[in-house]
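Contents: one structure, followed by commentary.
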Amino acid sequence: MKVRQGFVIISVVLVLAILGISYFWSGILWTFVIVAPLIIVGIYDMTQKRHAIRRNYPVIGNFRYMLESIRPEIMQYFVETDTEGKPIDRLMRSMVYRRAKNVIDTVPFGTQLDVYEAGYEWLNHSMYAGKIQHADDPRVKIGGEDCKQPYLASLLNISAMSFGSLSENAVLAMNKGAKLGNFAHNTGEGGISPYHLQPGGDLIWQIGTGYFGCRAADGGFDPDKYVERATLPNVKMIELKISQGAKPGHGGILPANKNTPEIAAIRAVEPYTTVDSPPSHSAFSDAEGMLHFIKKLRDLSGGKPVGFKICIGIKEEFIEICESIINTGIKPDFIVIDGGEGGTGAAPVEFSNSLGMPLLDGLAFAVDTLRGYNLKKDIRVIASGKIISSFHIARVMAIGADLVYSARAMMMAVGCIQALQCNTNTCPVGVATQDRDLMKGLDVEDKATRMYNFHKKTMHILSELISATGVKSHRDFNRTHVNLRVDNTRIMSYDQLYPIVEEGAYLGRPKAEVLAEIKKNSALAR
């Protein structure tokens with residue numbers, strides 16, 4: 001018998017039985033309080049056309065959707081081990097929470113990682129470990145010879161996350177934490193909101209393809225609006241976003257119903273209109289044009305550091321940027337290398353999973369290309385892409401990054417529990433939502449302190465890690481210090497995986513020859 005037929009028969013029998021018994025005992029009619037809603041649900045299930053399971057399995061088919069709705073919670077709390085959670089495992093999440101709360105963050109009984117599994121990484125320590133200079137608060141000067149207002153940046157900073165994606169309370173907590181810890185807060189491409197400005201923390205203003213905050217009526221760049229914001233004292237650097245690791249080559253649309261007067265004012269657009277954020281910039285169309293635009297941004301800002309953010313895609317394009325820097329003499333003050341493993345709540349699955357070079361590979365390529373054109377010494381490199389722990393920072397610094405951004409660790413420091421609801425406006429802890437009731441659960445003062453604690457503790461552990469390798473400064477840390485297990489018996493150091501390129505090695509050579517050498521080195525390393 002089919003379930004649909006069984007449901008109809010059982011429903012008819014139950015109704016007739018209850019009515020029959022009611023002749024002798026009227027109290028049984030109260031069972032309709034339970035039976036009637038179930039029958040109504042079943043009838044609706046059989047007549048609706050959206051879900052085949054509910055049509056074929058009335059009433060009981062609904063349990064499939066109920067269980068599916070709580071599957072993430074079941075996996076996170078009951079199924080996954082400490083090392084299996086995705087995208088951030090429980091070991092890393094717990095580490096962030098403990099450091100943010102300023103409680104003990106040591107672990108008992110040794111590592112849970114399989115140190116003989118392919119992919120395991122570790123640092124080489126020295127018998128003569130010491131103490132690096134400026135141990136817990138090393139700073140990096142960002143700003144080249146054309147920069148009039150250089151910035152002394154922390155090694156760890158808050159990555160780009162826009163107001164609108166994050167709640168106002170989350171932005172307030174992050175910026176206040178940045179103020180307490182003297183590190184920088186990237187605005188994301190959504191523009192500078194009042195919540196970025198109110199606590200007074202240092203800002204890196206990110207400008208994307210929508211030019212939000214400096215957008216003209218036709219969607220292009222408005223220099224007057226740009227000057228208004230770029231000259232704010234909180235704004236320490238300006239970052240031109242070329243591509244984002246989580247969705248490189250992908251723009252976005254701000255729907256009219258989400259474009260509230262508050263969001264519209266921040267982004268310098270008309271409220272309640274659909275706003276397109278195209279996949280590429282309209283202010284320039286090639287590498288040389290981008291550099292001239294960067295110079296324009298720097299001049300208009302009064303000489304603040306200006307750089308660009310990119311996820312490495314076609315290698316020839318990055319080489320063209322380096323060649324154009326040499327030809328024009330215009331140097332960005334910094335370059336952010338974002339990895340394809342970057343996180344967002346606004347990317348198609350195919351973009352998140354299958355587009356953009358992963359951070360370590362993209363970073364090594366970018367650093368080596370800059371070295372090959374003798375540019376690395378003049379341009380600071382910032383690494384971004386799933387950086388959570390002090391080891392993650394040390395690893396990218398060994399490759400050649402000068403400092404890092406972190407997004408998801410900072411979200412967890414202010415309360416994110418990886419509920420994976422960033423794109424639904426239902427974040428249960430009020431971090432990635434505009435629901436004011438949910439947002440109230442995030443206490444700004446408490447979470448700002450946690451943000452400060454996480455940054456301070458992570459920087460302290462980083463100094464201890466680097467000191468353990470025996471170097472005197474974080475600038476001396478290099479690829480020879482990091483190892484990767486390739487398989488059960490083979491180990492490779494990072495200088496073998498990513499062979500270092502000598503300064504100036506690519507100067508005066510044709511681009512095709514440079515590309516051939518890059519491919520050759522990559523093949524030899526593997």
Side-chain angles (χ1 to χ4, degrees), residues 118-119 121 242-245 248-249 280 284-291 294 307-332 334-342 354-385 395-402 478-484 486-487 490-526:
E121 294 176 303
I242 307 301
S243 59
Q244 177 182 345
S280 59
F284 53 87
S285 58
D286 55 24
E288 191 167 315
M290 181 187 75
L291 294 173
I294 286 174
F308 65 90
K309 175 180 181 178
I310 189 170
C311 177
I312 299 297
I314 299 173
K315 292 180 178 180
E316 291 93 325
E317 293 177 348
F318 192 81
I319 292 172
E320 287 171 3
I321 292 173
C322 293
E323 291 179 339
S324 294
I325 291 173
I326 293 169
N327 293 335
T328 62
I330 302 171
K331 296 176 183 176
F334 64 93
I335 297 174
V336 182
I337 302 299
D338 202 9
E341 63 269 48
S354 310
L355 200 64
M357 192 178 294
L359 174 59
L360 299 185
D361 303 294
L363 178 64
F365 164 75
V367 167
D368 288 337
T369 304
L370 289 171
R371 284 177 59 87
Y373 285 98
N374 202 28
L375 296 171
K376 176 63 178 70
K377 60 183 176 22
D378 301 317
I379 300 172
R380 297 289 176 252
V381 174
I382 304 175
S384 174
R395 182 173 61 180
V396 296
M397 286 176 60
I399 291 176
D402 296 290
N478 60 59
R479 301 180 191 186
T480 64
H481 292 106
V482 190
N483 302 287
L484 170 72
V486 179
D487 55 37
R490 284 196 305 145
I491 297 165
M492 297 182 73
S493 61
Y494 268 25
D495 65 316
Q496 293 173 302
L497 284 168
Y498 307 110
I500 196 73
V501 174
E502 295 299 320
E503 292 280 358
Y506 298 159
L507 288 173
R509 297 170 62 180
K511 184 166 57 177
E513 186 178 316
V514 171
L515 273 169
E517 182 166 324
I518 290 171
K519 291 177 181 177
K520 178 183 175 183
N521 288 340
S522 179
L524 288 174
R526 283 153 179 77

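The analysis underlying the following values was restricted to heavy atoms, covering all of them including side chains, and did not include hydrogens, waters or symmetry mates. Predicted, not measured: the structure shown is a model, and the values here were computed from it.
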(request) State, with a plain yes or no, whether a side-chain heavy atom of L360 is found less than 4.5 Å away from one of L497. (result) no
(message) Can you tell me how far apart CG (L370) and CZ (R380) are? Round to the nearest 0.5 Å.
(response) 12.0 Å
(request) Apply side chain to side chain contact (heavy atoms under 4.5 Å, CB included) to N478 and list each qualifying residue two or more places apart in sequence or on a separate chain. (result) T480, H481
(message) I'd like to check the side-chain hydrogen bond (donor to acceptor under 3.5 Å, both in side chains) partners of R479; sequence neighbours left out, ordered by chain and number.
(response) D368
(message) Using side-chain heavy atoms (C-beta onward) and a distance below 4.5 Å, is L484 in contact with I491?
(response) no
(message) Could you check whether any side-chain heavy atom of F308 comes within less than 4.5 Å of a side-chain heavy atom of I335, counting everything from C-beta outward?
(response) yes
(request) Search all heavy atoms of C311 against all heavy atoms of G340 and return the closest pair with its distance. (result) SG-N, 4.0 Å
(request) Using side-chain hydrogen bond (donor to acceptor under 3.5 Å, both in side chains) as the criterion, list what pairs up with D286, not counting sequence neighbours. (result) none
(request) Could you tell me which non-hydrogen atom of A366 sits nearest to which non-hydrogen atom of I312, and how far apart they are? (result) CB-CD1, 4.4 Å
(message) Could you check whether any side-chain heavy atom of D338 comes within less than 4.5 Å of a side-chain heavy atom of S243, counting everything from C-beta outward?
(response) no
(message) Can you give me the closest heavy-atom contact between L291 and I330, atom names plus distance?
(response) O-CG2, 3.3 Å
(message) If we ignore hydrogens and angles and just use 3.5 Å, is the side chain of Q496 paired with the main-chain N or O of S493 as donor and acceptor?
(response) yes
(request) Identify the two heavy atoms, one from D402 and one from I379, that lie closest to each other, and give their separation to 0.1 Å. (result) OD2-O, 4.1 Å
(request) List for me each residue that meets salt bridge (Lys or Arg N to Asp or Glu O under 4.0 Å) alongside E502, sequence neighbours excluded, and say none if there are none. (result) none
(message) I need the L515 CG to T369 OG1 distance, nearest 0.5 Å.
(response) 8.5 Å
(request) Report yes if the side chains of I500 and D495 come closer than 4.5 Å at any heavy-atom pair, otherwise no. (result) no
(request) Could you list the residues that satisfy salt bridge (Lys or Arg N to Asp or Glu O under 4.0 Å) with E121, not counting sequence neighbours? (result) R395
(request) Answer yes when E320 and K511 have at least one side-chain N-carboxylate O distance shorter than 4.0 Å, and no when they do not. (result) yes
(request) Using salt bridge (Lys or Arg N to Asp or Glu O under 4.0 Å) as the criterion, list what pairs up with D378, not counting sequence neighbours. (result) K331
(message) Could you work out, with side-chain hydrogen bond (donor to acceptor under 3.5 Å, both in side chains) as the rule, every residue matching E288, not counting sequence neighbours?
(response) none
(request) Could you tell me which non-hydrogen atom of V501 sits nearest to which non-hydrogen atom of R371, and how far apart they are? (result) O-NE, 2.7 Å
(request) Would you check if V367 and Y498 make a side-chain contact, meaning some heavy-atom pair closer than 4.5 Å? (result) no
(request) Just jot down the ring-ring contact (aromatic ring centres under 6.0 Å, His included) partners of Y506, sequence neighbours excluded, or say none. (result) Y373
(request) Report yes if the side chains of V336 and Q244 come closer than 4.5 Å at any heavy-atom pair, otherwise no. (result) no
(message) Applying side chain to side chain contact (heavy atoms under 4.5 Å, CB included), can you list everything that pairs with A383, at least two apart in sequence or on another chain?
(response) L359, L363, I387, V396, A401, V404
(message) Is there a side-chain contact (heavy atoms from CB on, under 4.5 Å) between I242 and F284? Walk through the geometry before answering.
(response) CA-CA 11 Å; I242 307 301; F284 53 87; 3.7 Å; yes
(request) Name all residues meeting the salt bridge (Lys or Arg N to Asp or Glu O under 4.0 Å) criterion together with E317; count only those two or more places apart in sequence or in a different chain, and write none if there are none. (result) none
(message) Applying ring-ring contact (aromatic ring centres under 6.0 Å, His included), can you list everything that pairs with F318, at least two apart in sequence or on another chain?
(response) F365
(request) State the NZ-OG distance between K309 and S384, to the nearest 0.5 angstrom. (result) 5.0 Å
(request) Look up atom CD1 in I326 and atom CG in N374, then write down how far apart they are to the nearest 0.5 Å. (result) 8.0 Å
(request) Could I get the full list of side-chain hydrogen bond (donor to acceptor under 3.5 Å, both in side chains) partners for K315, not counting sequence neighbours? (result) none
(message) Under the criterion side-chain contact (heavy atoms from CB on, under 4.5 Å), I'd like the reasoning laid out for I310 against I337: C-alpha separation, chi angles, the key distance, then a yes or no.
(response) CA-CA 5 Å; I310 189 170; I337 302 299; 3.9 Å; yes
